[in-house]
Amino acid sequence: MVNTRDFLPKTTHYLKVPIIGLNAILWLLGLVLIVVGSVCISFFSNFKEFTKESGYKNALSNLTTSAPTGVLVIGIFFILLTLVGCFVAYKEKLVGLVLYTMLMLILLVVLIGIGGKALTLHKEDAVSVIGTSWVQISNSLKNSTITKLEDFLECCCWSESYSNETYKDLCLKDDDGNIKYEGTYCEGIFTEQVSSKLVLVGIAGVVIGCIEFVAMALSLFLIIRICRSPRSRAYDQY
């Protein structure tokens with residue numbers, strides 16, 4: 001007959017090691033989310049005035065503010081939570097493991113929401129919304145906003161369809177009065193920038209979600225093993 005008092009404590013080792021390893025990977029991916037979120041916030045900070053003057057404030061706000069901020073916040077929480085996960089798994093803290101698993105589940109739901117928002121923005125072709133707003137603002141009294149964005153993106157006019165003299169007058173010019181980025185349209189530059197960031201967020205979200213799910217499952221198994229293991233009353237303390 002197997003002596004469970006000797007068997008169960010030893011098996012927790014085989015659960016703790018992968019949990020700590022997965023949390024270490026999630027910690028690195030949390031850094032990736034922080035970097036991506038920071039880069040996106042920095043990039044879209046140049047579109048604040050553009051968003052304010054646009055007729056699509058809600059749609060543009062989701063793209064330029066909500067999504068990047070959400071990615072950054074999730075990254076910060078992952079950095080903190082994975083450190084806690086490593087500690088409670090190593091020390092086999094029962095209550096800590098339960099709280100860790102619950103918080104991981106909440107973060108998983110939030111991550112799915114942020115990833116879904118990023119994919120939705122991509123599917124709805126946010127670039128077309130930017131393009132419509134670009135043309136609208138170009139023909140308004142606030143068209144200096146477009147000149148600033150063209151300087152930032154290093155482009156001239158939104159697309160070839162809107163490259164007549166009216167729109168070219170807004171393009172940045174050199175000291176000799178020549179258009180600096182003629183022939184480089186902002187639609188292509190913006191599409192490349194946004195698509196690459198959305199794809200990166202999507203890939204990171206899928207990878208993190210899969211690893212997080214496995215880590216949660218292992219944590220539940222560890223909780224069960226700890227509950228079945230003989231231990232002192234002080235064992236469950238933080």
Side-chain angles (χ1 to χ4, degrees), residues 1-42 65-120 197-238:
M1 185 175 180
V2 178
N3 188 342
T4 56
R5 292 190 176 184
D6 294 331
F7 179 73
L8 287 173
K10 291 180 180 178
T11 56
T12 58
H13 173 76
Y14 300 103
L15 292 170
K16 290 194 298 183
V17 172
I19 290 174
I20 293 173
L22 290 174
N23 273 281
I25 296 174
L26 288 173
W27 187 86
L28 293 174
L29 291 174
L31 284 180
V32 172
L33 289 180
I34 290 176
V35 171
V36 173
S38 300
V39 170
C40 289
I41 289 175
S42 176
T65 304
S66 301
T69 303
V71 171
L72 179 63
V73 170
I74 287 180
I76 293 173
F77 273 109
F78 260 112
I79 291 292
L80 299 175
L81 189 57
T82 50
L83 293 175
V84 173
C86 289
F87 174 78
V88 296
Y90 178 74
K91 294 291 186 179
E92 298 183 23
K93 300 295 184 181
L94 181 59
V95 179
L97 279 167
V98 172
L99 293 175
Y100 162 78
T101 305
M102 292 175 61
L103 289 174
M104 286 290 275
L105 178 60
I106 294 172
L107 274 182
L108 180 61
V109 173
V110 174
L111 184 64
I112 292 173
I114 293 294
K117 179 175 287 189
L119 292 175
T120 302
K197 289 175 176 59
L198 287 176
V199 168
L200 187 57
V201 170
I203 293 175
V206 171
V207 173
I208 289 175
C210 294
I211 296 176
E212 186 180 357
F213 181 80
V214 176
M216 287 171 52
L218 291 175
S219 297
L220 287 174
F221 285 126
L222 182 57
I223 290 170
I224 294 172
R225 289 293 185 185
I226 292 174
C227 288
R228 292 180 179 179
S229 302
R231 58 196 184 276
S232 65
R233 183 175 297 180
Y235 189 84
D236 294 333
Q237 293 180 357
Y238 287 104

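What's counted below: heavy atoms across the whole structure, side chains too, no hydrogens, waters or symmetry copies.
To the nearest 0.5 angstrom, L222 atom CG is 5.0 Å from L97 atom CG. Atoms CG and CZ, from L105 and F213 in turn, are 10.0 Å apart once rounded to the nearest 0.5 Å. Atom CG of L107 is separated from atom CG of L103 by 7.0 Å, given to the nearest 0.5 angstrom. From M104, atom CE reaches atom CG of L220 across 11.0 Å, with rounding to the nearest 0.5 Å. Residue L26 holds its CG atom at 10.0 Å from CD1 of I79, rounded to the nearest 0.5 Å. Here the CZ atom belonging to F221 is positioned 7.5 Å from the CG atom belonging to L218, to the nearest 0.5 angstrom.
No side-chain heavy atom of L33 sits under 4.5 Å from any side-chain heavy atom of L72. Looking only at side-chain heavy atoms (C-beta outward), I20 and Y90 come within less than 4.5 Å of each other. Side-chain atoms of T82 and C86, non-hydrogen and from C-beta on, never get closer than 4.5 Å to each other.
In this structure V84 satisfies the side chain to side chain contact (heavy atoms under 4.5 Å, CB included) test together with V88, sequence neighbours excluded.
Proximity of a side-chain donor or acceptor of S42 to a complementary backbone N or O of S38 within less than 3.5 Å is not detected.
Scanning both residues, L108 and E212, for their nearest heavy atoms gives N-OE2, 3.4 Å.
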Full working for side chain to side chain donor-acceptor pair (under 3.5 Å) between Y100 and N23: CA-CA 11 Å; Y100 162 78; N23 273 281; 2.8 Å; yes
